[in-house]
Amino acid sequence: MAEESRTTKSIRNMLLAFSEQLVYSVMTFACRTVFIYTLGKNYLGFNGIFTDILTFLSLAELGVGTSIIYSMYQPAARHDYRMVAALLNLYKKIYHIIGTVVFIIGLCLTPFLEFFISDMPDIPELPVIYLLYLLNTTISYFFIYKKSILITDQKNYIASIIYVITVFIQNLLQIIFLLFTYNYIIYLIIHVCCTIGNNTAVSLYVDRHYSYLRQYRNEKIDSESKRKIYTNVKAMFVSKISSAVVSSTDSLLISKFVSTIILGMYSNYTLFVTMLRSVVGKFFEALTGSVGNMIAIESHDKIYDTFRKIWFVNYWIISFSCAVLFSLVNLFIELWAGEEYLLEQKVVFVICLNLYMRLIRNTFLTFLDTYGLFVELKIKSIAEAGINLAVSLIFVLFLDMGIYGVLLGTFVSNITTNFWYEPYLLFKKKFKINMYVYFKLFLKYFLVMSVSSAVFYYICNCIFTVNNWATFIVKGLICCIGINLFYICVYFRTKEFRYFVSLIMKKCKRKYKENL
C-alpha cells in the first residue's frame with residue numbers, strides 16, 4: 001500500500017475521530033451539567049463505582065480482540081479475505097461466550113454491592129441501576145467484533161460517523177428526561193437503547209459492504225494460527241488484569257476507604273480526563289490500521305521514523321492539554337458546579353501527572369500491539385498491578401493520605417514499570433536503538449511540559465485572581481495561545497515539526513488548486 005494512501009486514510013480517520021469526540025465531549029458535558037443539578041453527588045459516585053466494577057468484569061475479554069485484530073493485519077494487507085473472515089468468525093464465537101459469562105458473573109455480584117460502597121445510601125432501586133449498567137456493558141460483546149473489519153481496512157471513520165449520531169441522540173434524550181422526570185432509571189434505559197442502536201448500525205454497515213463475510217461465514221482458521229492467537233491471549237490476560245487494577249482500583253479504593261461522596265467529586269475531574277483520553281484514544285484508534293499495515297510491509301527505519309513523528313504529535317496534544325487542565329480545571333468546576341465540588345490543588349496536580357504519564361505511552365502501546373509483543377509484556381504487567389495496589393493501600397490505610405494517596409500510588413506503579421520497560425521493548429528489541437535516545441527525548445518533553453504548566457498556572461491563578469466566566473475565557477485564550485507559541489519556539493527546528501508543517505502546507509496547496 002502506498003505511503004500517500006496510508007497517510008490519507010489516517011488523516012481522514014483522525015478528522016472523523018476528532019469530530020466524533022468533539023460532539024461526544026460537548027454533549028456529555030451538557031448532560032453532566034444537568035445530571036449534577038438534578039441528581040447530585042450520590043448518583044455521580046454510583047456512575048464511577050459501577051463503571052469500574054464492570055471494567056473488572058471485562059477481564060473476561062482476555063485480550064482476545066487485540067490479539068485477533070493483530071492477526072488480521074497481514075491477511076488484510078494481502079487481501080486474503082478467506083483468512084480475515086475465518087479470524088472474524090473465531091472472534092464472534094469467543095465474544096458471544098464472553099458476553100454471556102460477563103453477564104452471569106455480573107448478576108452474581110448484585111447482592112454484594114454494599115461491599116464496594118463505604119457510605120451506602122438508602123436507594124431501593126440501586127440493584128436495578130447496577131443491572132442496567134451491566135446490560136449496557138455486555139450488549140457490545142455481541143456486536144463489537146465486526147468493528148475490527150473497519151479497523152483493519154483503515155475505515156474507522158464509518159464507525160465514528162455512526163457514533164456521533166447515536167451519542168448526540170442519546171445525550172439529548174437524557175437531558176430532556178432528566179429535566180422533566182429527575183429519574184436515573186430512565187436516564188440509563190436511554191443509554192442502553194442507544195448502545196444497541198450504535199452497535200446494530202455498525203453491524204448492518206459491515207454486513208452490507210463486506211460481502212465476503214457471508215461467503216466465508218463458516219470458514220475456520222487452521223490449528224497453527226489458533227495456537228498463536230491463544231498464546232497471545234494468555235499473555236494479554238495478564239496485561240488486562242494490570243490495566244484493570246491500575247485504572248479501576250482508584251475508584252474502588254476511594255469508594256471503599258475514603259467516601260462515595262468524594263468519588264462523586266472526583267468523577268467531575270475524571271470527566272475531563274476521560275474526554276482527553278478518549279480524544280487521544282480515537283487518534284490512535286484511527287492510526288492502528290495504518291500502523292499495522294506499515295509494520296507488515298515496511299522497513300525498520302521507516303517504522304522508527306514514523307514512530308517518532310506520531311510520538312511528537314501525541315506529546316504535543318497531551319502536554320498542552322495537561323498544562324491547560326492543571327491551570328484551569330479548579331476554576332472551571334468552581335464556576336460550573338460550585339466550591340463544594342472542588343478538590344485540593346495537590347490532588348489536581350497528581351491527576352494531571354497521572355494523565356500525562358498514561359497518555360504519553362499511547363504511541364508505545366499502539367506499536368507494541370501491532371508488533372504483537374504480548375508475551376513480552378507479561379512480567380511488566382504483573383509488577384505494575386502489584387505495585388499499584390500495594391502502594392495505594394499503604395498510602396491510604398497506614399499513612400491516611402486519602403484520595404491523594406490513592407492517586408499517588410498509581411503514579412508510583414507507572415514510573416517504576418511502564419516508564420522504562422515499554423520503551424525498552426521497542427527501542428532495544430525492535431528499533432535497535434540505544435535507550436539513551438529515549439530517556440533524553442522523554443526528559444526534554446517532560447521539562448518543556450513542566451515549565452509551560454508552571455508558568456501558565458502562575459499567570460492564571462496568581463496574576464489574574466478575579467474568578468468569573470469572562471476571566472475564565474480570557475485565561476483559556478492566554479493558555480491556548482501562549483502554550484502553543486511556547487512549543488513552537490522550542491520545537492520549530494525539529495525534524496518532526498518541519499514534517500507536519502510541510503504536510504499541512506501540501507494539503508492546503510492541494511485544496512487551493514482544487515478550488516481554482
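Since we're looking at a predicted model, the values are computed, not measured. Just the heavy atoms: all of them, side chains too, but no hydrogens, waters or symmetry mates, feed the values below.
Annotation: the span from Ile190 atom CD1 to Gln170 atom CD amounts to 8.5 Å, rounded to 0.5 Å. With rounding to the nearest 0.5 Å, the separation of OH in Tyr356 from CD1 in Ile318 is 5.5 Å. Interatomic distance, OG1 of Thr416 versus CZ of Phe411, reported as 9.5 Å (0.5 Å rounding). Interatomic distance, Leu335 CG to Asn467 CG, rounded to the nearest 0.5 Å: 6.5 Å. Ile105 contributes atom CD1, which lies 12.0 Å from atom OG1 of Thr138 (distance to the nearest 0.5 angstrom). If you take OH on Tyr130 and CG on Leu188, they are separated by 13.5 Å, rounding to the nearest 0.5 Å.
Taking the six-membered ring for Trp, Tyr269 and Tyr266 have ring centres at least 6.0 Å apart. The six-membered or imidazole ring of Phe349 lies away from that of Tyr457, with a centre-to-centre distance of 6.0 Å or more. Aromatic pair Tyr187/Phe177: centroids not less than 6.0 angstrom apart. Not less than 6.0 angstrom separates the ring centroid of Phe456 from the ring centroid of Phe326.
Residue Phe500 places its CZ atom among more than 12 non-hydrogen atoms of other residues, nucleotides or ligands, all under 6.0 Å distant. The environment of CZ in Phe307 is crowded: more than 12 heavy-atom neighbours from other residues, nucleotides or ligands sit within 6.0 Å.
Although no hydrogens or angles enter the test, the distance criterion places a donor-acceptor pair under 3.5 Å between the side chain of Asn314 and the main chain of Leu359. No donor-acceptor pair closer than 3.5 Å links the side chain of Ser327 to the backbone N or O of Val324.
Side-chain atoms of Tyr315 and Tyr491, non-hydrogen and from C-beta on, do get closer than 4.5 Å to each other. A heavy-atom distance below 4.5 Å is found between the side chains of Ser392 and Asn388. Taking 4.5 Å as the limit, every side-chain heavy atom of Val391 sits out of range of all side-chain heavy atoms of Ser413. Proximity of Tyr445 to Phe312: side-chain heavy atoms (C-beta onward) are separated by under 4.5 Å at one or more points. In this structure, the side chains of Ile360 and Trp311 come closer than 4.5 Å at one or more pairs of heavy atoms. Residues Phe142 and Asn199 are not in side-chain contact: their nearest non-hydrogen atoms beyond the backbone lie 4.5 Å or more apart. Between Arg358 and Leu365 the shortest side-chain heavy-atom distance falls below 4.5 Å. Between Phe272 and Ile333, the closest side-chain pair of non-hydrogen atoms falls below 4.5 Å.
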Pairs under 3.5 angstrom only: tabulate donor-acceptor contacts from the side chains of residues 481-488 to other protein residues two or more places apart or in another chain.
from	atom 1	to	atom 2	distance (Å)
Asn484	OD1	Trp316	NE1	2.8
Asn484	ND2	Cys480	O	2.7
Tyr487	OH	Ser319	OG	3.2
Tyr487	OH	Ser452	OG	3.2

Next on the checklist: Does Met27 form a side-chain contact (heavy atoms from CB on, under 4.5 Å) with Val167? I'd like the steps, not just the answer.
Outcome noted: CA-CA 8 Å; Met27 294 303 296; Val167 83; 5.5 Å; no
Checklist entry - Could you walk me through whether Leu325 and Leu355 pass the side-chain contact (heavy atoms from CB on, under 4.5 Å) check? => result CA-CA 10 Å; Leu325 191 69; Leu355 180 63; 4.0 Å; yes
Next on the checklist: I'd like to know whether Leu132 forms a side-chain contact (heavy atoms from CB on, under 4.5 Å) with Asn136, so could you lay out the CA-CA distance, the side-chain angles of the two residues, the decisive distance to 0.1 Å, and finally the verdict.
Outcome noted: CA-CA 6 Å; Leu132 285 170; Asn136 190 65; over 6 Å; no
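In this view, Phe168 satisfies the ring-ring contact (aromatic ring centres under 6.0 Å, His included) rule with no residue, not counting sequence neighbours. Lys440 pairs by the side chain to side chain contact (heavy atoms under 4.5 Å, CB included) definition with Tyr436, not counting sequence neighbours. Residues satisfying the side chain to side chain contact (heavy atoms under 4.5 Å, CB included) criterion with Phe439, sequence neighbours excluded, are Phe419, Trp420, Met435. Applying the side chain to side chain contact (heavy atoms under 4.5 Å, CB included) test to Val437 and every residue at least two apart in sequence or in another chain returns Tyr304, Arg308, Phe427, Ile433. Taking Asp400 as the reference, nothing meets the side chain to side chain contact (heavy atoms under 4.5 Å, CB included) condition, with sequence neighbours excluded.
Between the side chains of Thr410 and Asn354, no donor-acceptor pair is found at a separation under 3.5 Å. There is no side-chain donor-acceptor pair under 3.5 Å between Asn198 and Thr195.
Taking the ring axis of Phe367 as reference, the NZ or CZ atom of Lys430 does not stay both within 45° of it and closer than 6.0 Å to the ring centre.
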